[in-house]
A.B. asks: 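Mind looking over this structure? Questions follow.
The analysis underlying the following values was restricted to heavy atoms, covering all of them including side chains, and did not include hydrogens, waters or symmetry mates. Counting convention: from 1, in listed order, for ligands and their atoms alike.
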Amino acid sequence: MKSPWNILLVTPLFLLLPLRTSASPASDDSPSTRNPNGHTCLACVAVVSVIEQLAQVHNSTVETSMERLCSYLPEKLFLKTTCYLVIEMFGPDIIKLLSTDMNADVVCHTLKFCKQDPGQPLCHLYPLPKEAWKFTLEKARQIVKKSPALKYSRSSADICSLPFLAKICQKIKLAIKNSVPFKDVDSDKYSVFPTLRGYHWRGRDCNDSNKMAYPGRRPDNWDVHEDSNCNGIWGVDPKDGIPYEKKFCEGSQPRGIILLGDSAGAHFHISPEWITASQMSLKSFVNLPTALTNELNWPQISGATGFLDSISGIKEKSIYLRLRKRNHCNHRDYQNISRNGASSQNLDRFIESLSRDPLLDHPAIIIYAMIGNDVCNGKADPVPEMTTPKKLYSSVMKTLKYLNSHLPNGSHVILYGLPNGTFLWDNLHNRYYPLGQLNKDVTYAHFYSFLNCLQVSPCHSWMSSNKTLRNLTSERAKQLSNTLKNIATSQKFTNFDLFYADFDFQEVTEEWQKRGGEPWQLIEPVDGFHPNEVALLLLADRLWKKVELHWPQVLGKENPFNPQIEQVFGDQGGH
Ligand SMILES: *[C@@H]1O[C@H](CO)[C@@H](O)[C@H](O)[C@H]1NC(C)=O
Ligand SMILES: *[C@@H]1O[C@H](CO)[C@@H](O)[C@H](O)[C@H]1NC(C)=O
Ligand SMILES: *[C@@H]1O[C@H](CO)[C@@H](O)[C@H](O)[C@H]1NC(C)=O
Ligand SMILES: *[C@@H]1O[C@H](CO)[C@@H](O)[C@H](O)[C@H]1NC(C)=O
Ligand SMILES: *[C@@H]1O[C@H](CO)[C@@H](O)[C@H](O)[C@H]1NC(C)=O
Ligand SMILES: *[C@@H]1O[C@H](CO)[C@@H](O)[C@H](O)[C@H]1NC(C)=O
Ligand SMILES: CC(=O)N[C@H]1CO[C@H](CO)[C@@H](O)[C@@H]1O
């Protein structure tokens, strides 16, 4: 249960919007190679920008605007309290600086949340001030010269280490600990709690006091007495004495869906309303606590394992919901084994969280979708960090051997290729970034370059103005996809068959355009990198259709008893 803590420790930083997609527990960024203050600087610039823009939108003072921002935040996770503490400490300086027309870059450099190290470039989101940078910064420093807050921000890589926040950080940790039925996850990976890797991530536990009851298992004694596989089908038909599970599911070849993925698979999403002053209201942050306790992921509406209705209103369903529709005996059998920052090179560190017993459980469809982090990273020179085809080959073979010894016979594994990420730059670079829309002053090109300068980009190599680099990254991605394809066509395993599918972003874009959409609408607006909910569902749709056409055995047959299951069990206990 280590992973959730990581993001929670930076909860006070929320505000401080950590774009921790690649800097995650799963990646091996060491502090010496990454700019430790990059995320703090990014967060500071985002928050100060929001304060400034709220004042502009509401024609209010900076002070009122800070109060307004805090008042919008929910009490949960001490978000509101933390916000008030932060403005108490830094508010007076921010007011003074913003009132003399300094912008967020200047404010954050003055308060030392952003630093320019000797010999390093100056990182800024907004166009540089008209007067020379040094002169402006000096002027700003004079304004807050004697501020007591300065000594706190200086060492601010971990905001919980700030003395005035240490207490609240403790409280947050305690609150979360007490609110979650924490268990030894190794012995029981299923949960009745939604977030913190609970049932938003894998099918809900239907009997928390019975370790042998969980989604995906073969039913125990045809579930006469209890729903041992949590699919909502159990008991005996009083008319003929036959157990329902036997009557409705025997021979229907139930199966689960397991995603081995990265932040895209888990649906990383930062709501644009959290940083867009003109759209901000009390409603904007309602879902923030849930998002934070899901590591800013939304697996419950993702393309592979989503089980809730889409927020965007698109009619396409996730792979899981389609499998469930095809055979209601598959109810709740999904697992999202995905992590921010996951790649072929670090999957071995968390693959054990996959839960499947080769003998006790039903077969599963595994989608291996490490779609970016093998070529994406935030380093100043990203190329040497990229996975080579040789390294990919050896790590994927290791993964497949692991799967072969942990999956029930009759399972299926689909290796998903990498995208050609040039569409990111091509479609976004000259559009306005959310923080730049109000004053038309920041484009995605500016935003990308700010991230690269801070070395916190989730993908320097595609989110870059350097065409040679983007081209080279696409070439490498293609080589890696070819490696996956070769493995799929040349290797055989005893417990599963193996397939390869291209990551069809081009086709998805065309489909979207046919419906009157624009390509940029398929990308997460705040991070400018991840496929958004619509894109994920369209990708799932393509993958489903492809599998149905070429390898129908993977999906299994339609269960003729579906209508009866609905009649007897209704929504099967929901999700
Ligand atoms: C903004 O507020 C100031 C002072 O309260 C007022 O003089 C000004 O007219 C307002 N501007 C707009 C556009 O409402
Ligand atoms: C849950 O499991 C326990 C222990 O096996 C069992 O006694 C109980 O009846 C089960 N509860 C339900 C609702 O099935
Ligand atoms: C695994 O299942 C396949 C059919 O799906 C069967 O041909 C094969 O014999 C099984 N292997 C083992 C070891 O049971
Ligand atoms: C662009 O990227 C390539 C490949 O990493 C690199 O060799 C080159 O120096 C970069 N060009 C600029 C202007 O940074
Ligand atoms: C992209 O890379 C390929 C192969 O590395 C090369 O042939 C091609 O000229 C490059 N195109 C551009 C625009 O850099
Ligand atoms: C990636 O896409 C761009 C733009 O569509 C194209 O020019 C380039 O050749 C593609 N690269 C690869 C390796 O397919
Ligand atoms: C990759 C990953 O984090 N997968 C998670 C899926 O959910 C379980 C808990 O339900 C976590 O333990 C896994 O880490």
Side-chain angles (χ1 to χ4, degrees), residues 120-121 123 181 183 187-188 190-192 203-215 217 219-236 243-245 331-332 360 371-372 374-389 392 417-430 445 448-453 455 457 459-485 502-513 518-520 522-523 529 531 569 572-574:
Q120 294 301 310
C123 303
K183 292 186 298 192
S187 64
D188 188 354
Y190 296 87
S191 168
V192 295
R204 186 157 63 85
D205 196 345
C206 56
N207 187 347
D208 214 22
S209 56
N210 182 357
K211 249 194 231 178
M212 292 311 291
Y214 55 85
R217 65 160 292 170
D220 178 27
N221 189 23
W222 292 116
D223 284 2
V224 167
H225 300 294
E226 164 177 18
D227 187 11
S228 68
N229 56 13
C230 300
N231 67 0
I233 301 170
W234 64 290
V236 174
Y244 284 117
E245 180 86 33
H331 182 63
R332 288 211 188 113
L360 285 179
I371 65 165
D374 282 291
V375 294
C376 287
N377 61 74
K379 300 273 154 67
D381 182 2
V383 182
E385 298 294 319
M386 293 180 187
T387 305
T388 59
L392 182 77
L418 284 77
N420 174 352
T422 50
F423 61 83
L424 293 172
W425 176 267
D426 294 345
N427 289 311
L428 288 182
H429 76 277
N430 55 10
Y448 288 170
S449 124
F450 185 47
L451 295 184
N452 292 336
C453 180
Q455 299 187 40
S457 175
C459 194
H460 181 166
S461 40
W462 271 321
M463 296 153 75
S464 160
S465 58
N466 183 335
K467 185 167 182 189
T468 316
L469 179 57
R470 299 197 307 267
N471 183 25
L472 192 152
T473 309
S474 299
E475 287 293 324
R476 177 66 65 86
K478 191 162 186 186
Q479 290 166 1
L480 296 184
S481 296
N482 283 336
T483 304
L484 293 172
K485 199 190 278 181
D502 274 323
F503 186 107
D504 285 331
F505 208 78
Q506 186 59 36
E507 291 173 39
V508 163
T509 309
E510 281 160 19
E511 169 65 30
W512 183 240
Q513 283 171 311
E518 306 232 26
W520 60 267
L522 296 172
I523 303 164
F529 174 55
F569 295 103
Q572 296 175 256

A.B. asks: Tyr244: which residues meet the ring pair (Phe, Tyr, Trp, His ring centres under 6.0 Å) condition with it, sequence neighbours left out?
C.D. replies: Phe248, Phe569
A.B. asks: Checking Leu428 now: which residues fulfil side chain to side chain contact (heavy atoms under 4.5 Å, CB included) with it, not counting sequence neighbours?
C.D. replies: Arg431, Tyr444, Tyr448, Trp520, Ile523
A.B. asks: Are side-chain heavy atoms of His429 and Leu424 found at a separation under 4.5 Å?
C.D. replies: no
A.B. asks: Does the side chain of Ser481 come within less than 4.5 Å of Phe503's, by heavy atoms?
C.D. replies: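 Side-chain contact under 4.5 Å: no.
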A.B. asks: Which atoms of ligand 6 have any heavy atom of Asn420 under 4.0 Å away?
C.D. replies: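 The atoms of ligand 6 under 4.0 Å from a heavy atom of Asn420 are 1 (C), 2 (O), 3 (C), 8 (C), 10 (C), 11 (N), 12 (C), 14 (O).
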A.B. asks: When you look for protein heavy atoms under 4.0 Å from ligand 4, which residues do they belong to?
C.D. replies: Val383, Asn466, Leu469
A.B. asks: So, is Thr422 polar-close to ligand 6, with some N/O to N/O distance under 3.5 Å?
C.D. replies: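 Such a contact does occur with ligand 6.
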A.B. asks: Any chance the side chains of Glu510 and Gln506 put a donor and an acceptor closer than 3.5 Å?
C.D. replies: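 Judged by distance alone, the side chains do pair up.
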A.B. asks: Decide whether Thr422 and Asn420 meet the rule of one side-chain donor and one side-chain acceptor closer than 3.5 Å.
C.D. replies: yes
A.B. asks: With sequence neighbours left out, write down each residue that passes side chain to side chain contact (heavy atoms under 4.5 Å, CB included) with Pro219, or none if nothing qualifies.
C.D. replies: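 Result, side chain to side chain contact (heavy atoms under 4.5 Å, CB included) vs Pro219: Trp222, Asp223, Ser228, Asn229, Glu245, His362.
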